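A short write-up of the structure that comes next.
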Protein chains: 2
Amino acid sequence: MPMMMNKVKNAMSNLVGGMMPHGHHHHHNHHSGGGQTCGPDSLPPRFPYGRPDFLDLSPELLQYSTEHASRPVLTLKRGSRLPWQTGYAEVINAGKSMLNEDQASCEKVFVRKPSGKHRIPLHFWGVFDGHAGSGAAIMASKLLHRLIRDRLGEICHLLENPGSAPPICLAKNGSPYQAESKKGKVVSLESLVMGVIETAFKQMDDLIEKEKASYAISGGCCALAAIHLMGKLYVANAGDSRAIIIRNNEVIPMTNEFTPESERQRLQYLGFLRPELLGNEFTHIEFPRRIQHSELGKKMLYRDHTMTGWAYKTIVEDDLKFPLIYGEGKKARVMATIGVTRGLGDHDLKVYNSNIYIKPFLSCVPEVKVYNLDENKHGPDDVLVMGTDGLWDVTTDREVADAVSAYLSCCDPSDPMRYTLAAQDLLMRSRGVLKERGWRLPNEKLGSGDDITVFIVPLVGHESET
Amino acid sequence: MPMMMNKVKNAMSNLVGGMMPHGHHHHHNHHSGGGQTCGPDSLPPRFPYGRPDFLDLSPELLQYSTEHASRPVLTLKRGSRLPWQTGYAEVINAGKSMLNEDQASCEKVFVRKPSGKHRIPLHFWGVFDGHAGSGAAIMASKLLHRLIRDRLGEICHLLENPGSAPPICLAKNGSPYQAESKKGKVVSLESLVMGVIETAFKQMDDLIEKEKASYAISGGCCALAAIHLMGKLYVANAGDSRAIIIRNNEVIPMTNEFTPESERQRLQYLGFLRPELLGNEFTHIEFPRRIQHSELGKKMLYRDHTMTGWAYKTIVEDDLKFPLIYGEGKKARVMATIGVTRGLGDHDLKVYNSNIYIKPFLSCVPEVKVYNLDENKHGPDDVLVMGTDGLWDVTTDREVADAVSAYLSCCDPSDPMRYTLAAQDLLMRSRGVLKERGWRLPNEKLGSGDDITVFIVPLVGHESET
């Protein structure tokens, strides 16, 4: 604990001085070694550590926000406004890392041609759950929406003609080009926007890797983004954050989580096709528990990349290697190192005490789902809820929907703070209160000790906004 | 056409003599070359060509069944009985191959320990849609249920104790083995049965490959199997056949189809990780149409294995290669060769006029879904419908459910032929009748010209059968 306190003090002095401390506790890491994911100490941070700009924290409040003992809930100040009256709340973890490694962004920007004067509004909400440091999460929260905006700008002339399908081929200057009147697959404008978001995530990941040469950008992050463009809500998720739409108290899931368990077969397939990535230390086959040397020749349950069920196999020498995927539920890990399988950053992340990189297994590709805002009617209590895993670990979709609906129905519909207050209420339900035996929920179950970040975005009144 | 008639005559003489003719028309092949998928002509067939044993066809009827001009519908004879009063009907294609390349099996067998006297009944229904010959489909229809039965026999002592979870480790003699009281993942008996089915498909595929050394086993086949064991129905699908449960006129889908479109990303990922499998002829990137040499340097819509949406890329030399996945809907093909992506056999199948094998992209792994028969109540009109793609190409799930429900509700509930009559009715709806402009449905749309095979399995009365 004294060690820990010293670290916190050092971090604080760096923090107030605008320095970004390196993460020393790996959110998802079995091993406490840490540090191997940080850039050289001599490099400056790409962006200084801080909380989202829209919170407008003073240095005193910034320091106050990091108190693990009290875990103060930060919300948007009364008087501050986010686009769409978005509600926001956040809280730091119970001590597993010095700083809150979650980040968030909420922006209204305009898509425009490099030379054009016509512009299309774009709303963006992003939630970034960092691990092994704050660097990647901060960088993504500052830049991802800009990358999406800029890429959309390149196809702005196509967005301006939503009635016609995008041309299959463009000339070098970007104008539609028809060789002969060849037929081909008809691609919708919607899937072009999805492609922009997918490629922007890749670009963001590449940028983190590239700028690591000049800056200290620590760790990696799960990324969850919602983009509103021309009447549609695009929700892109890479990691274990989650978004749901609550409409008329019904839950519409907008994301799937990407974890070692949900992506087992993809990872095993990669390990099977490229065994060199496993560094002779891991086996792509899954077993229900570690195998002992004395069990050679016996039969054990296993699953490979082709199987959903289990079967018995005779244990051979190679099966004694550590399984690529191991552990259950929240404790499942890829190569004993990381508990999520999609996200940004982590380019330097290696298996502890080895030369085996995690990154080829970690994917930066988001899954994008589309919700047609214009084609649905919404009331003032219909919202999009976006939260990091700290929220969902202890509160189910249904419980979140019931809590939000109950809270909003008791709130003055004209209070601009109602969505922030609902976010605060939601967050308290997952954090709980500090008792003798730790953070506890009203039912005495353990509250989340993780960083928690929540956006509540009202859907009413934006159906035809352009 | 004279060529064709000669082929038919030769096939017929072989057929009546018990020889299996080689397929000369590749169901899913763009190219008419054919023949490259057959074993040496000198080898005997593994099993002679025929229709399912339970149809009990005379040689005359067997020959009659192959008439493309009239396409007679074959059903179970009145007096014949299949387990569970299963209904069955089949019809040959409109001329695309000489023989009906579909096969079917329906068996009641017993799972037992090699030495034990206790035995567990198992019901099996299989539908096999062959292409490029009948060999693989016939072999699978004769053997797949036996492989499943035998593999279940190896774990028979575990099935006899359905109350306790299967042990993680077994001694060499197969008896449960506990090293120390180690914890591990708890695996259900159900997922052990799923594992048996998955590994039996693999074993079936390996067996086809192995026996090709001694026998002529032509082509490959989609495989759809339903297995009833201890109160649960396991539906395993590898290919584009389909099964649905109709319960109270509601549709419960029991399969997904595996086609170049539905499996695009899996195939592209394999081509990306193992480019040598594309033989310098194909690109793993998808484009909406073929690219011309003159379009080098321009921008074209594309999707790679990471994308669901589309984006523009600058065309380079490598993009001029033929796309790994090309075509839309029923015309989509893997490497311009085959229209399904899962199935058994096809070990010799190559891209026309090349040395590129299709098999690494074609997977023999089924997707297994489980329906708990014991936990649901069923009426006499509640059924499992299994059919090859010929059925579903022209009739939707909803139309099938409506047709079956309407037919059965007008049938004498005590008539043992009712499910066969319903299958016959269903099949007629997809085949249509021969008019001047080909096989037509009542709404004048084109009927299916494909082989069609249908099982209708009643679910009532078997809920607690053991």
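Quick note: numbers below take in every heavy atom, side chains included, and nothing from hydrogens, waters or symmetry partners. As the structure is a computational prediction, the values presented were derived from the model and not from experiment. Quick note on labels: first sequence line is chain A, next is B, and so on, each numbered from 1.
- Expressed to the nearest 0.5 Å, how far CD1 of Ile315(B) lies from NZ of Lys172(A) amounts to 10.0 Å.
- Within residues 358-371 of chain A, the residues having any heavy atom closer than 4.5 Å to a heavy atom of chain B are Val365(A), listed by residue number.
- Distance check: Ile168(A) CD1 to Phe287(B) CZ gives 12.0 Å after rounding to the nearest 0.5 Å.
- When side chains are defined from C-beta on, Trp310(A) does not count as touching Pro166(B), because their heavy atoms never get closer than 4.5 Å.
- Contacts of Glu286(B) with chain A are made by side-chain atoms alone, with heavy-atom separations under 4.5 Å and no backbone atom involved.
- Rounding to the nearest 0.5 Å gives a distance of 9.5 Å between NZ of Lys185(A) and OH of Tyr326(B).
- Only the side chain of Tyr302(A) comes within contact range of chain B, with at least one heavy atom under 4.5 Å from a heavy atom of that chain.
- Proximity to chain B among residues 151-160 of chain A is limited to Ile155(A), Leu158(A), judged by heavy-atom separations below 4.5 angstrom.
- For Thr199(B), the part lying near chain A is the side chain, with the backbone staying farther off; criterion is any non-hydrogen pair under 4.5 Å.
- Comparing Arg266(B), Met307(B), Lys202(B), Met194(B) by how many heavy-atom pairs each has under 4.5 Å with chain A, the most go to Met307(B).
- By the side-chain contact (heavy atoms from CB on, under 4.5 Å) test, Arg274(A) is found to be paired with Leu270(A), Glu276(A), Leu277(A), Leu273(B), residues two or more places apart in sequence or in another chain being considered.
- Applying the ring pair (Phe, Tyr, Trp, His ring centres under 6.0 Å) criterion to Tyr269(A), with sequence neighbours excluded, gives His305(A).
- Closest non-hydrogen pair, Cys169(B) versus Lys298(A), comes out as SG-CB, 4.0 Å.
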Derivation of the side-chain contact (heavy atoms from CB on, under 4.5 Å) call for Thr308(B) and Glu198(A): CA-CA 8 Å; Thr308(B) 304; Glu198(A) 290 170 330; 3.4 Å; yes
